[in-house]
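All values reported here derive from a predicted model rather than from experimental measurement. If you read the sequence from its start, that first residue is 1, and numbering goes on from there.
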Amino acid sequence: MTSSLPLHSQHQRTYHENKFVYPVLSRRSKGISIGVNLNPDKICNFDCIYCQVDRREESETRFVGFDQLLQELDHMLKFVLSGEIYQDEKFQSVPQELRRLNDIAFSGDGEPTTYKNFDQIVAAVADLKRKHGANDVKLVLISNASMFHRPGTQAALKIFDENQGEVWAKLDAGTEEYFKLIDRTKIRFSQILENITAAAKQRPIVIQSLFMLVNEEPPSDAEIDAYCTRLNEFVAAGGQIKLVQVYTIARSTAEAYVTSLKSGQVDEIARKVREATGLMTEVYYGNAD
């Protein structure tokens, strides 16, 4: 049975028999994104209240099989680049203008940079991308920025820089209090801010920010003002912000008290960001309208 949900709301981490590699129609990538899941065990150093991953259910797959992951990616690249994917029932309805492979994204069921050999797997994926002649296909890291200060992650980021890479760093708050409420982690907010600043000094990065209703309450005006201040601080320190993604929930979450903003609320936050920072901002709507 084909789901009636739009494809961008269906980001399952498995595809047929694959355990680590999966294709999605990504609203933020404006095309097909091949996801690489380095956290099939669902372990993450954040426990975001809006996360779609239910960490109360134990995963069937506990460890990443390096060779299997590369084999799955090799087959997936052939599947997508050849156009065969659009014969699959799930992807037959993809509009012609979105029938393109935009990126290979390290995302999945947890924070990808916690994978102990992250730089090695990134290098192997980059080699495989070159093997397929997919030079225009981006490597994208979707990260909470908590591990950017580690030498292994810094080595991996250089590989991204050399391979049409983009770093998408999560920033869901402007204050420590709201950060703890939304992202539920023991990691200091100041560490995240320092890591984003350092990464943005080395390369232009994308800031990805998800705002939502928590117990039917949107983020306060003061919180959005503080968030804009953090963005301005990155730039003042020499950081390069190529884009700010302001979006809301489009898929079911682990916590029932978290729901999506209406489109007008998303637009209003984006307007404040543009006025306060002058940064390029894109919006992505949810399921509240």
Neighbour count >12 (heavy atoms, 6.0 Å) for atom CD, Glu97: yes
Would you say Met280 and Leu243 make side-chain contact, with heavy atoms under 4.5 Å? yes
Tell me, yes or no, whether the heavy-atom count around Glu177 atom CD, taken from other residues, nucleotides or ligands under 6.0 Å, exceeds 12. no
Strictly distance-based, threshold 3.5 Å: is any side-chain N or O of Thr185 a donor or acceptor partner for the main-chain N or O of Asn45? yes
Any sub-3.5 Å donor-acceptor pair from Glu72's side-chain atoms to Lys19's backbone N or O? yes
Would you say Thr277's side chain and Cys228's backbone share a donor-acceptor pair under 3.5 angstrom? no
Residues Pro219 and Ile269: closest non-hydrogen pair is CG-CD1, 4.2 Å
Say you draw a straight line from CZ of Arg230 to CD1 of Ile207; how long is it, rounded to the nearest 0.5 Å? 12.5 Å
Under 3.5 Å, side chain of Arg130 to main-chain N/O of Asn135, donor-acceptor pair present? no
Please identify which of these residues, Thr153, Leu38, Val36, meets the side chain to side chain contact (heavy atoms under 4.5 Å, CB included) condition with Tyr115. Leu38
I need the Phe79 CZ to Phe91 CZ distance, nearest 0.5 Å. 7.5 Å
Please identify each residue that fulfils side chain to side chain contact (heavy atoms under 4.5 Å, CB included) with Asp74, with sequence neighbours left out. Lys78, Leu128, Lys131, His132
Does the Gln120 side chain pair with the main chain of Asn117, one donor and one acceptor, at a distance under 3.5 Å? no
Just how far is it from atom CD1 of Ile241 to atom CG of Leu231, taken to the nearest 0.5 Å? 7.0 Å
Please check this pair: side chain of Gln164 against backbone of Val137, looking for a donor-acceptor N/O pair closer than 3.5 Å. no
Looking only at side chains, do Ser143 and Glu111 share a donor and an acceptor under 3.5 Å apart? yes
For residues 98-105, please give each side-chain donor-acceptor pair under 3.5 Å, one per line with the distance, not counting sequence neighbours.
unit_1: Arg99; atom_1: NE; unit_2: Val94; atom_2: O; d: 2.9
unit_1: Arg99; atom_1: NH2; unit_2: Gln92; atom_2: O; d: 2.8
unit_1: Arg99; atom_1: NH2; unit_2: Val94; atom_2: O; d: 3.4
unit_1: Arg100; atom_1: NH1; unit_2: Ser29; atom_2: O; d: 3.3
unit_1: Arg100; atom_1: NH1; unit_2: Lys30; atom_2: O; d: 3.0
unit_1: Arg100; atom_1: NH1; unit_2: Asn102; atom_2: OD1; d: 3.3
unit_1: Arg100; atom_1: NH2; unit_2: Asn102; atom_2: OD1; d: 2.8
unit_1: Asp103; atom_1: OD1; unit_2: Ser33; atom_2: OG; d: 2.5
unit_1: Asp103; atom_1: OD2; unit_2: Ser29; atom_2: OG; d: 2.6

Please, which pairs that meet ring pair (Phe, Tyr, Trp, His ring centres under 6.0 Å) have at least one residue in residues 209-233, sequence neighbours excluded? Phe211-Tyr227
What I'd like to find out is whether the side chain of Phe179 reaches to under 4.5 Å of the side chain of Leu171, using heavy atoms alone. no
Can you tell me how far apart CD (Glu233) and CD1 (Ile196) are? Round to the nearest 0.5 Å. 11.5 Å
Tell me, which pairs form a salt bridge (Lys or Arg N to Asp or Glu O under 4.0 Å) where one or both residues lie in residues 235-248, sequence neighbours left out? Glu166-Lys242
Please determine, by modelled atom types, if Ser252 and Gln52 share a side-chain donor-acceptor pair under 3.5 angstrom. no
Minimum-distance pair of heavy atoms, taken over all atoms of Val24 and Tyr22: CG1-CD1, 3.8 Å
Nearest atoms (heavy-atom pairs only) where Ala237 meets Lys201: O-CE, 2.8 Å
Without hydrogens or angle criteria, can the side chains of Asp109 and Asn39 be said to hold a donor-acceptor pair below 3.5 Å? no
Is any side-chain heavy atom of Phe106 closer than 4.5 Å to one of Val140? no
Determine whether a donor-acceptor pair (N or O, by modelled atom type, separation under 3.5 Å) exists between the side chain of Asp41 and the backbone of Ile43. yes
Cationic N near anionic O, under 4.0 Å, Asp172 to Lys170: yes
Side chain to side chain contact (heavy atoms under 4.5 Å, CB included) partners for Asp225, two or more places apart: none
Chi angles and distances behind the ring pair (Phe, Tyr, Trp, His ring centres under 6.0 Å) call for Phe66, Phe20: CA-CA 10 Å; Phe66 195 99; Phe20 310 109; over 10 Å; no
Would you say the side chain of Ile121 lies within less than 4.5 Å of the side chain of Val64, judging by non-hydrogen atoms? no
Would you check if Thr197 and Asn195 make a side-chain contact, meaning some heavy-atom pair closer than 4.5 Å? no
Donor-acceptor pair between Asn144 and Ser146 side chains, under 3.5 angstrom: yes
Calculate, to the nearest 0.5 Å, the distance between atoms CD and CD belonging to Gln68 and Glu17 respectively. 10.5 Å
Do Ile32 and Tyr86 have side-chain heavy atoms sitting under 4.5 Å apart? yes
Under a 4.5 Å cut-off applied to non-hydrogen side-chain atoms, are Leu213 and Asn215 in contact? no
Is Asp161 salt-bridged to Lys158, cutoff N-O under 4.0 Å? no
Asp47 CG to Arg184 CZ distance, which is reported to the nearest 0.5 Å: 4.0 Å
4.5 Å side-chain heavy-atom contact, Thr248 and Tyr284: no
Which residues share a side chain to side chain contact (heavy atoms under 4.5 Å, CB included) with Arg271, sequence neighbours left out: Glu268, Glu275
